[in-house]
Visitor: 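I am attaching a structure below and will ask some questions about it afterwards.
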Amino acid sequence: MAAQLLDGRILSAQVEQSIKTRVEALAQKGCVPGLTVILVGDDPASQTYVSNKEKACARLGIRSRTLRMPKDISQETLEKAILEANEDPAVHGILVQLPLPKHLDESRALALILPQKDVDGFHDVNMGRLARGEECVVACTPKGALYMLKSAGIPLEGKEAVVVGRSNIVGKPMALLLLQENATVTICHSRTRDLAAQTRRADILVAAIGKPRFITADMVKPGAVVVDVGINRVDGKLCGDVDFDAVSQVASFITPVPGGVGKMTIAMLMDNTVSAAERAARQA
Ligand code: GUN
């Protein structure tokens, strides 16, 4: 393999270590960080993600509570749960696991979360502030991906960054973060003409499309840094949006799946939750 591995397992363990110290400092002030997760329905992928979040909270001394709700709940019931968590001073972070069942209004639900408790960074206020380049809660996956790039000392200023995928959860915030780092950013998507011509221009290539092994070696410039945000299951095995074996022969740095950005997403959620608790403790 020519590329150097950007290892999310090692890095997230380091981040978790420093979060533990912060949780201990909060405990000295009588504050235990609290995260409420709302999980609607029985989507297997969502259940796995939520279970990983619960385990991380347990490791770090964060009090977590998961509200598991049946898939046919009403908008009103969902909103009531959010409002109750908003009111609860022991809850510092609120996360509504996405996607929600189709009959529920996701935007309305997310907009109800208090921006300071929105540890996903999906609230209009946080997204808007990110777009303005102002301080805000940043979405966990793009925040984790950027953290990996910075920790490896990869220069971003003036670089051509190409983000494949325009989701609100990853693609758009990722592009905004790279822009803030003074990269020249292109966002590509399913309607982009000659996608490979775009990806081949990239010094930094972020794949967030949700299609297994979609980015092939011929789509990658030699020496590019490749960040794989995809989590796909093929024949029971996890794989990313990047054809790892082939692309790692071409890239200079690459994130694996599993053990890459996914680990950082969880670490950043813990970071956002503890930051929310620290803010609350300062104001108490
Ligand atoms: N579904 C997939 N990724 C995420 C995430 O980062 N946060 C939430 N709430 N739902 C998701």
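Counting starts at 1 for both ligands and their atoms, in listed order.
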Visitor: Tell me, which protein residue and heavy-atom name are nearest atom 11 (C) of ligand 1, and how many Å apart are they?
Guide: Gln97 NE2, 3.3 Å
Visitor: Report, in ascending order of atom number, the atoms of ligand 1 lying under 4.0 Å from any heavy atom of Val96.
Guide: 8 (C), 9 (N)
Visitor: For the pair Arg68 and Asp42, find out whether any cationic side-chain nitrogen is under 4.0 Å from an anionic carboxylate oxygen.
Guide: no
Visitor: Does a side chain donor of either Glu24 or Gln28 reach within less than 3.5 Å of an acceptor in the other side chain?
Guide: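 No.
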Visitor: Side chains of Glu54 and Thr66: donor-acceptor distance under 3.5 Å anywhere?
Guide: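 Yes.
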Visitor: Please determine, by modelled atom types, if Lys159 and Asn182 share a side-chain donor-acceptor pair under 3.5 angstrom.
Guide: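 Judged by distance alone, the side chains do not pair up.
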Visitor: Identify the protein heavy atom lying closest to atom 8 (C) of ligand 1, giving its residue, its atom name and the separation to 0.1 Å.
Guide: Asp120 OD2, 3.3 Å
Visitor: How far is atom 1 (N) of ligand 1 from its nearest protein heavy atom, and which residue and atom is that?
Guide: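 Among all protein heavy atoms, the one nearest atom 1 (N) of ligand 1 is Leu98 O, 2.8 Å.
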Visitor: Of all the atoms in ligand 1, which lie at a distance below 4.0 Å from a heavy atom belonging to Leu95?
Guide: 9 (N)
Visitor: Does the salt bridge (charged side-chain N to carboxylate O under 4.0 Å, His left out) test come out yes or no for Glu135 and Arg129, once each step is laid out?
Guide: CA-CA 7 Å; Glu135 198 178 317; Arg129 291 180 70 87; over 6 Å; no
